[in-house]
Amino acid sequence: MTLDVGSLRDQALAAIDAAADLRALDEVRVSYLGKKGAVTGLLKQLGGMDPDSRKEAGRQINELKDRLESALGERKAGLQAAALEARLQAERVDVTLPAREEQVGRIHPVSQVTDEIIAIFADMGFAVAEGPDVEDDFHNFEALNLPKEHPARQMHDTFYLEAEQNGAPLLLRTHTSPVQIRTMLAGKPPFRIIAPGRTYRVDSDMTHTPMFHQVEGLLIDRRTHMGHLKGCLIDFVRSYFESDRIPVRFRPSYFPFTEPSAEMDIGCKRSQGELVVGEGSDWLEILGCGMVHPKVLRAVNLDPDEWQGFAFGMGIDRVAMLKYGIPDLRTFFEADLRWLKHYGFMPLDVPTLAGGLSR
Ligand code: PHE
């Protein structure tokens, strides 16, 4: 019996070559090398041969098998590469194209401005700290040198809750200053933090809403003085309003938790009901500040002869209105999508000092 190994090989190699894709190639493999394939069929015939022809035929069939296997492997690699290439072409994405803007909503001015403020202070080495909206009397008042009968408590128009703690009702924090206390009790000096967040007071008119936003700043070190406070805040205002020519002034003021205390104003002018920041002869208050009172330091177990520093508290909504020309504070909280579309910011324009705060 003779085997026509040669023509089977030519046939098989032609079929491998002709296979157009991986599936067709696998069919070719099965039809030659599979259990019922042609080559396997040849192997089965070996049993009926005499020993000499069997040896020769076996060698030829194994050679054929090897040859077909390597041809299959090569073709497979070629087809896989072509398939990958085709897929890469089909799924090609131009990552340099701008995002489709309309579909992604808008960032609220308060969020935008909070991010801008964080970016500026982060650059000066301040970390972001947080505290709860529901506070207790100790953190919101007592530790900030506002004892029970202190008249300044009345200025805070506090929302009290029904729940009590240590004999005093819990409350909605009236300022972000309790985060000063929490930060200093939880860690070791030096401290350099800002704390943006929601604050609450019983108050509502054109320029006041029961919930509003503040950012607290606290820097405690061994030699920090009022000059650092002024430099830091002047730098902040100029970065924030993106102008080196913003006039600023510090007016003496009073806060129980700072001594001395000041309020910072920026220069502005009002013309035809519009407020223009950075020029003119009017002044607008944007924050309260001062050197942290020794009693506050003692309340958090720091020795005022060793540690000192400054704190400030700024109205976020107020500086957002000033920077972006938003006339009515109440519109911030009306959740009107048309308003948000007008005053909101693109989600992908994250404010950074390098890339620009606002665009
Ligand atoms: N907590 C004060 C307020 O709400 C602001 C302030 C903070 C003043 C820190 C001085 C120091 O008006």
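Just so you know, ligand 1 is whichever comes first in the structure, and atom 1 is the first atom listed for that ligand.
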Nitrogen or oxygen contacts under 3.5 Å, ligand 1 side and protein side:
| residue | atom | partner | partner atom | Å |
| --- | --- | --- | --- | --- |
| ligand 1 | 1 (N) | H175 | ND1 | 3.0 |
| ligand 1 | 1 (N) | S177 | OG | 3.0 |
| ligand 1 | 4 (O) | R201 | NH2 | 3.0 |
| ligand 1 | 4 (O) | Q214 | NE2 | 3.0 |

Problem set entry | Electrostatic pair D4:R9 at N-O distance under 4.0 angstrom | no
Exercise. Do the two ring centres, one from F191 and one from W307, sit under 6.0 Å apart?
Worked result: no
Exercise. Between D52 and K55, is the closest basic N to carboxylate O distance under 4.0 Å?
Worked result: no
Exercise. Going by the salt bridge (charged side-chain N to carboxylate O under 4.0 Å, His left out) test, which pairs reach into residues 294-310, not counting sequence neighbours?
Worked result: R222-E306
Exercise. Is there a path from V179 to F236 through hydrophobic residues (I, L, V, M, F, W, Y) whose side chains come within less than 4.5 Å of each other?
Worked result: no
Exercise. Can we call the ring centroids of F255 and F310 under 6.0 Å apart?
Worked result: no
